[in-house]
Amino acid sequence: MTGRYSVNAARAQRLEALGQRWEFEIDGEGYSLSTELPHKIVKRLADLDPSDVAGMLELLLGEEQYERFQRHEVSVQDVQALVEAYGRDSGMFPGEGSASTSS
């Protein structure tokens, strides 16, 4: 019999390797995303229409950060690059399936 898998230990290892937050900036203003998304947020992301970039950003950033983020002039390509970098760096969207901002 093998040992029991510890979700808490695995999570602690991921957070130690990746950190608690993934940070980015635009126009000198800083933002951060959690490196671990709660399952309920992932479900809500999956329920969004693939073209709902605003809804996806609001879920990822949270209300306060999303409100600040909206003040910047960003393109769909900016958002797609941001989401791809986040997915790559956090391991959130492995493989080629990270095109959640494509329409």
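Leu33 contributes atom CG, which lies 6.0 Å from atom CG of Leu60 (distance to the nearest 0.5 angstrom). Separating the CZ atom in Arg68 from the CG atom in Asp27 is a distance of 12.0 Å, to the nearest 0.5 Å. Distance check, rounded to the nearest 0.5 Å: CE of Met56 to CD1 of Ile41 gives 13.0 Å. Rounding to the nearest 0.5 angstrom, the gap separating the CD atom in Glu29 from the CZ atom in Arg71 is 7.0 Å. With rounding to the nearest 0.5 Å, the separation of CD in Gln65 from CG in Leu57 is 11.0 Å. Taken to the nearest 0.5 Å, the OG1 atom of Thr35 stands 11.0 Å off from the CZ atom of Arg11.
Heavy atoms only, all atoms of each residue included: Ser32 and Glu23 are closest at CB-CG, 3.8 Å. Contact detail for Tyr86 and Ser34: the closest heavy-atom pair is OH-O, 2.6 Å. Closest of all the heavy-atom pairs between Tyr66 and Leu61 is N-CB, 3.9 Å.
Between the side chain of Ser75 and the backbone N or O of Asp78 there is at least one donor-acceptor pair closer than 3.5 Å. For the pair Asp49 (side chain) and Ser51 (backbone), a donor-acceptor distance under 3.5 Å is present.
The pair Arg88-Glu84 does not count as a salt bridge, with every side-chain nitrogen at least 4.0 angstrom from each carboxylate oxygen.
Crowding of Glu16 atom CD: a count of heavy atoms from other residues, nucleotides or ligands under 6.0 Å not exceeding 12. Other residues, nucleotides and ligands place more than 12 heavy atoms under 6.0 Å from the CD atom of Gln70.
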Worked verdict on Leu82 versus Val74 for side-chain contact (heavy atoms from CB on, under 4.5 Å): CA-CA 11 Å; Leu82 174 65; Val74 294; over 6 Å; no
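The aromatic rings of Phe24 and Tyr31 sit parallel, their planes meeting at an angle under 30°, below the 60° perpendicular limit.
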